[in-house]
Amino acid sequence: MTPVQPVRGTQSLLGEDADRLSAVVAAFDRVRRLYGFRRVEVPTIEQTQVFARSIGETTDVVSKEMYSFEDRGGESITLRPEFTAGICRAYLSEGWQQFAPLKLATHGSAFRYERPQKGRFREFHQLDAEIIGAAEPQADVELLSLGYQLLTELGIADGVTLELNTLGDPDTREAWRTSLVDYFEGHKANLSEDSRARLQRNPLRILDSKDPKDRDICAGAPSVDEHLTDEASDFFGAVTAGIDAAGVPWKRNARLVRGLDYYRHTAFEFVTDRLGAQGTLIAGGRYDGLVEALGGPHTPAVGWAAGIERLAMMIDAPQRDRPSVVIVPLGQRAEAEAGRVLAGLRREGVAADMGYRGSMKKRLSRANDAGAAYALIIGDDELDRGEAQLKDLTTGEQRSVSLDLIADAIAR
RNA sequence: GCGAUCGUAGCUCAGCUGGUUAGAGCAUCGGUUUGUGGUACCGAGGGUCGGGGGUUCAAGUCCCCUCGAUCGCCCCA
């Protein structure tokens, strides 16, 4: 019988690869506390309309790339493809509005039915940070600082660039869009086939086309700056002044866009060239229109999400967990005593382990493989004297230690 | 959805233009050492060569289909 295969685009990780993911999450958890972002839990599944309404019913994203199914009650359910929409739903349905402005953080699995490639999976993991109910540019600044400090904490800030742009307010956005369509219509003949299709569907996206011909045309395209209202311009100025003051390096990318209509003002990506085509590590922006799209009151908000797998690929290998001591009992009498010693050490906060079976040779070999600092050998002879042999696995030195003083001996 | 490359042991791979019982290293298990790991030496287990079909006297090797992996395109909430 052939073994059961994993679902395409899912990962099962042991050892260093798993440690990398948890190191990223641990760093995020440290940093988000420093910034006062409260941990939230939201469901993995939501009613499909939570995502469909926020994204727009007709897009490819909704029709082809979500894991949606009908449950036994006939309800259309979707595995979350991201966190933002679910958090906004909770903000409305759980009455979190009373705590606004709210700084929230979470992390976990998300699901997208896409073709797997480097740094892209069908079940993947995200860090997520949101500020809901704040229209002030300081919220954007705080979120950008949080992202930068996370990258610094992970030791990868040097290889990452913050690309920043503004999409302006709705008036700005509409005016810019119109002039972009006019401009690209004029160059339609020279655009790539993909971009000609985008002209109908999502003209802003032409700006980040990878096609060299498109890029030349984009170089002469109207900039959002020409359409910024005074208010939008002031807002962007406040954001950039704020991150400059906070010491966050950034680069203007006037071609950075967001496809969905609910985005306003700030749009940004922390990118790297070290991960091939999937170079975006953290992506976010201001989404003042989203809560309204979910049926709530007008609510300004800004946030970002980061791909945990991508961050994990960037960092140095984390130190693996290793026991301080592995107990090696010899014989049945020793094994009973060893169980007491093991429990005692663990209660004292010493990372201690003991194999379930095996010869002394085997057990020592396992202790060595586990990276233990010490092996504690307990045999009948030692037991009679209330002692054990403590062996330093690095130096090979071994000495007798009283069973009551093992934790002290290891600490030294 | 589209394109390219690739699937041989748990892992990394070798296997020439199709030709007897498919190999190595690492890992695992056992032994040299019944109370001493990391080193060394000896030995063992483990593969219907991703799956299915076809060509051929003969297929791991050639052809088709399929599944999967990798990288890219599309998409990127």
Side-chain angles (χ1 to χ4, degrees), chain A residues 1-3 5-11 14-15 46 50-57 59-66 78-88 110-121 124 126 128 192-195 197-198 201-202 204-205 208-211 256-263 267 269 275-280 283-285 287 290 293 303-305 307 310 326 328-331 334 355 358-383 388-398:
Chain A
M1 200 163 96
T2 49
Q5 293 304 113
V7 173
R8 183 170 199 190
T10 61
Q11 314 173 80
L14 172 69
E46 294 278 354
V50 168
F51 307 110
R53 277 204 209 167
S54 66
I55 294 164
E57 313 270 353
T59 59
D60 278 11
V61 164
V62 168
S63 55
K64 295 182 184 160
E65 292 173 21
M66 296 201 312
T78 294
L79 268 51
R80 65 183 175 210
E82 52 130 7
F83 281 97
T84 310
I87 289 175
C88 288
F111 305 83
R112 296 181 186 181
Y113 192 82
E114 295 184 293
R115 190 129 212 198
Q117 51 187 282
K118 189 184 181 78
R120 182 184 258 197
F121 305 90
F124 59 103
Q126 282 191 333
D128 190 86
S192 68
E193 197 179 322
D194 283 333
S195 285
R198 284 189 270 242
R201 229 178 38 240
N202 203 347
L204 298 201
R205 279 280 169 204
D208 52 24
S209 169
K210 288 170 183 165
D211 187 290
L256 180 68
V257 295
R258 289 278 105 101
L260 305 177
D261 289 342
Y262 58 70
Y263 281 104
E269 292 181 4
L275 295 180
Q278 257 60 53
T280 301
Y287 53 90
L290 175 55
W304 57 245
R310 292 181 192 178
V326 168
V328 178
L330 303 166
S359 65
M360 180 180 195
K361 184 184 166 70
K362 192 78 221 170
R363 286 167 180 269
L364 278 171
S365 175
R366 281 259 153 81
N368 197 58
D369 291 346
Y374 294 96
L376 185 74
I377 300 160
I378 305 177
D380 290 347
D381 298 349
E382 288 88 348
L383 218 49
Q389 294 290 322
L390 185 66
K391 186 183 178 90
D392 184 320
L393 290 173
T394 314
T395 63
E397 284 166 20
Q398 187 171 319

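Lettering follows sequence order; numbering is per chain, from 1.
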Which is true for [X] with a 4.0 Å heavy-atom rule: it touches a base, it touches only sugar-phosphate, or it touches nothing?
X: A/Gly396; value: base
X: A/Ala277; value: sugar-phosphate
X: A/Gly9; value: sugar-phosphate
X: A/Arg201; value: sugar-phosphate
X: A/Glu382; value: base
X: A/Ser359; value: nothing
X: A/Glu82; value: sugar-phosphate
X: A/Phe111; value: nothing
X: A/Lys391; value: base

For [X] and [N], what is the distance between atoms [atom1] and [atom2] respectively, to the nearest whole Å?
X: A/Gln398; N: B/G37; atom1: CD; atom2: P; value: 11 Å
X: A/Lys64; N: B/C2; atom1: NZ; atom2: P; value: 11 Å
X: A/Lys118; N: B/C75; atom1: NZ; atom2: P; value: 22 Å
X: A/Leu260; N: B/C75; atom1: CG; atom2: C1'; value: 12 Å
X: A/Leu14; N: B/C11; atom1: CG; atom2: C1'; value: 13 Å
X: A/Arg258; N: B/C75; atom1: CZ; atom2: P; value: 14 Å
X: A/Leu275; N: B/G72; atom1: CG; atom2: C1'; value: 15 Å
X: A/Asp392; N: B/U36; atom1: CG; atom2: P; value: 19 Å

Distance check: side-chain N/O of [X] vs OP1/OP2 of [N], anything under 4.0 Å?
X: A/Arg8; N: B/A69; answer: yes
X: A/Asn202; N: B/C76; answer: yes
X: A/Arg366; N: B/C29; answer: yes
X: A/Lys361; N: B/G30; answer: no
X: A/Arg115; N: B/C74; answer: no
X: A/Gln117; N: B/G72; answer: yes

Does a side-chain heavy-atom distance below 4.5 Å link A/Val328 with A/Lys391? no
Side chains of A/Gln11 and A/Pro6: closer than 4.5 Å at any heavy-atom pair? no
Determine the Euclidean distance between corresponding [atom1] atoms of [M] and [N]; express it in Å to zero decimal places.
N: B/U8; M: B/A24; atom1: C1'; result: 13 Å
N: B/G51; M: B/C11; atom1: P; result: 14 Å
N: B/G47; M: B/G37; atom1: P; result: 31 Å
N: B/A40; M: B/A4; atom1: C1'; result: 47 Å
N: B/C64; M: B/C6; atom1: P; result: 13 Å
N: B/A22; M: B/G45; atom1: P; result: 14 Å
N: B/U66; M: B/G7; atom1: C1'; result: 13 Å
N: B/C57; M: B/A69; atom1: P; result: 38 Å

Would a distance-only check, ignoring hydrogens and angles, find a side-chain to backbone donor-acceptor pair under 3.5 Å from [X] to [Y]?
X: A/Ser365; Y: A/Lys361; answer: no
X: A/Arg112; Y: A/Glu65; answer: no
X: A/Arg310; Y: A/Thr280; answer: yes

What is the distance from atom [atom1] of [X] to atom [atom2] of [Y], rounded to the nearest 0.5 Å?
X: A/Tyr113; Y: A/Met66; atom1: OH; atom2: CE; answer: 14.5 Å
X: A/Asp261; Y: A/Ser54; atom1: CG; atom2: OG; answer: 12.0 Å
X: A/Leu290; Y: A/Leu260; atom1: CG; atom2: CG; answer: 9.0 Å
X: A/Phe51; Y: A/Glu82; atom1: CZ; atom2: CD; answer: 6.5 Å

Residue [X], side-chain heavy atoms: nucleotide from [options] that is nearest:
X: A/Leu364; options: B/G38, B/G68, B/U36; result: B/U36
X: A/Asn368; options: B/G38, B/G35, B/C73; result: B/G38
X: A/Arg198; options: B/U33, B/C75, B/C2; result: B/C75
X: A/Gln389; options: B/C29, B/U33, B/G35; result: B/G35
X: A/Met360; options: B/U36, B/C75, B/C73; result: B/U36
X: A/Arg120; options: B/C75, B/C73, B/A77; result: B/C75
X: A/Lys362; options: B/A77, B/C75, B/C29; result: B/C29

Using Watson-Crick or G-U wobble geometry with both distances under 3.5 Å, which nucleotide pairs with [N]?
N: B/U56; result: none
N: B/U17; result: none
N: B/C2; result: B/G72
N: B/C11; result: B/G25
N: B/C41; result: B/G31
N: B/C49; result: none

Using the closest heavy atom to pick a nucleotide of RNA chain B for each, name whichever of A/Thr10 or A/Leu393 lands nearer the 5' end.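 Whichever sits nearer the 5' end wins; that is A/Leu393.
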Using heavy atoms to find the nearest nucleotide of RNA chain B for A/Asp380 and A/Val7 separately, return the residue whose nucleotide is more 5′. A/Asp380
